[in-house]
There are 2 protein chains.
Amino acid sequence: MKLSTRSTYGVRAMLALALHQRPTPFMVKEIAEQYDLPATYLEQLMTLLRKAGLVTAVRGAHGGYILARPAVEITLAEIIEVLEGPLRLADCPAGAACCGHPDTCALADVWEDARRALTNSFQQVTLAQLAERHANKQADAALNYAI
Amino acid sequence: MKLSTRSTYGVRAMLALALHQRPTPFMVKEIAEQYDLPATYLEQLMTLLRKAGLVTAVRGAHGGYILARPAVEITLAEIIEVLEGPLRLADCPAGAACCGHPDTCALADVWEDARRALTNSFQQVTLAQLAERHANKQADAALNYAI
DNA sequence: TGAAAACAAAGCGAAATACTCGGATTAATC
DNA sequence: GATTAATCCGAGTATTTCGCTTTGTTTTCA
């Protein structure tokens, strides 16, 4: 019951892109080094994110990736669903003897509620918010260090 | 990002116990048959639930399991945490270069929020509620069938 | 005493996860 | 144009986790 590394790597990489202020694309190798992620693996993930329309690739020399949309318009839910698949927590065994009939299965509602709660939690966080929080925390840390 | 079968089997078995009205213990083999679960595997899970204090075992012939507490006092969150482990969705790589320092990691908050949302969702459902919903749905289904 | 149940620990095959590798494509630069 | 630097793509692989079985022990009722 953990998110796979795909999701967490992906989110971190997307955060990296959001924090990367320059207009030039950010290349996988750089992201991987700065955020300590396996480069070739991250490459795969970036391709998935591109196919999902979350990032845009710039091919060839001096290429890399940029966010396909403003960071304000990208939620963690999107990123995670692309890399993790739908967040269904359990499939009620349709036709199996879970409780005779799918429509009498009280559990289906429970799993659905949980899915909604989880999805909602991730939908409320945009990349922009995350980047801001990150910046704030870093500033705080620097301040404490100075004292 | 699914719950393991352990959790779902466990929840179903616990629901079985809640629905099992007779005062005699309900044995694993019966539960397994009625709810179509692998018997020997379920045996393991029941042992875990017992160690966690959710069920009481009656050993020897004519033994089996009964709920250790009234169904109204057992939440799905308890059952799931026993069988699934804590619902932490990701561990922020402490010390690793996630974002320099753990305390500057904005992501930790996100994962923690998600965990809370999920846990809360499961905490709100007791076995008693589940049993009631189940009974209602069954009654509805029977009614529709009669019509 | 024998049968029936929970208990315990180990083992095991299949599937998923987390990668790596080799080469093909694309594009900027010399 | 050649070179180089990047993404793209498909296949391959090692490791872990999952789901379940097996074997045997202990407990208790009849």
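All values below were derived from every heavy atom in this structure, side-chain atoms included, with hydrogens, water molecules and symmetry-related copies excluded.
- Using a 4.5 Å cut-off on side-chain heavy atoms (C-beta onward), B:L127 and B:I79 make contact.
- Across D:dC20, C:dA5, C:dC19, the shortest atom-to-atom separation from the side chain of B:M27 is found for C:dA5.
- At whole-Å resolution of the value, CG in A:L49 and C1' in D:dC8 are 14 Å apart.
- Side-chain N/O atoms of A:S4 include none lying less than 4.0 angstrom from OP1 or OP2 on C:dT17.
- Across the protein-nucleic acid pair, A:M46 atom CE and D:dC9 atom P stand 14 Å apart, rounded to whole Å.
- Rounded to whole Å, the distance from OH on B:Y41 to P on D:dT22 is 15 Å.
- The line from CZ of A:F26 to CD1 of A:I31 is 5.0 Å long, rounded to the nearest 0.5 Å.
- With rounding to whole Å, B:E30 atom CD is found 11 Å from C:dA5 atom C1'.
- Proximity of A:L42 to A:Y35: side-chain heavy atoms (C-beta onward) are nowhere separated by under 4.5 Å.
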Working for salt bridge (charged side-chain N to carboxylate O under 4.0 Å, His left out), residues B:R69 and B:E78: CA-CA 12 Å; B:R69 285 179 268 151; B:E78 291 180 88; 2.8 Å; yes

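- Between B:Y9 and D:dC20 there is a side-chain N or O to OP1 or OP2 distance below 4.0 Å.
- Between B:H20 atom NE2 and B:M14 atom CE the span is 13.5 Å, to the nearest 0.5 Å.
- Between A:F26 atom CZ and D:dA6 atom C1' the separation is 15 Å, expressed in whole Å.
- With values rounded to the nearest 0.5 angstrom, B:R115 atom CZ is found 4.0 Å from B:E112 atom CD.
- A:I31 places its CD1 atom 13 Å from the C1' atom of D:dA6, with the value rounded to the nearest Å.
- Between A:L45 atom CG and D:dC9 atom P there is a gap of 15 Å when expressed in whole angstrom units.
- Contacts between residues 57-65 of chain B and DNA chain D, counted as heavy-atom distances below 4.0 Å, involve B:R59, B:G60, B:A61, B:H62.
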Spell out protein contact along nucleotides 8-14 of chain C as letters: B when the base is contacted, S when just the sugar-phosphate is, - when no protein heavy atom is under 4.0 Å; keep the 5' to 3' order. S-B----

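- If you take CD of A:E84 and C1' of C:dA16, they are 12 Å apart, rounded to a whole angstrom.
- No single ILVMFWY cluster, assembled from side-chain heavy atoms under 4.5 Å apart, contains both B:L49 and B:V58.
- Using modelled atom types and a 3.5 Å distance limit, the side chains of A:E73 and A:T126 yield no donor-acceptor pair.
- Contact annotation: B:T40 reaches the phosphate of D:dT21 (side-chain N/O to OP1 or OP2, under 4.0 Å).
- B:V11 places a side-chain heavy atom less than 4.5 Å from the side chain of B:L130.
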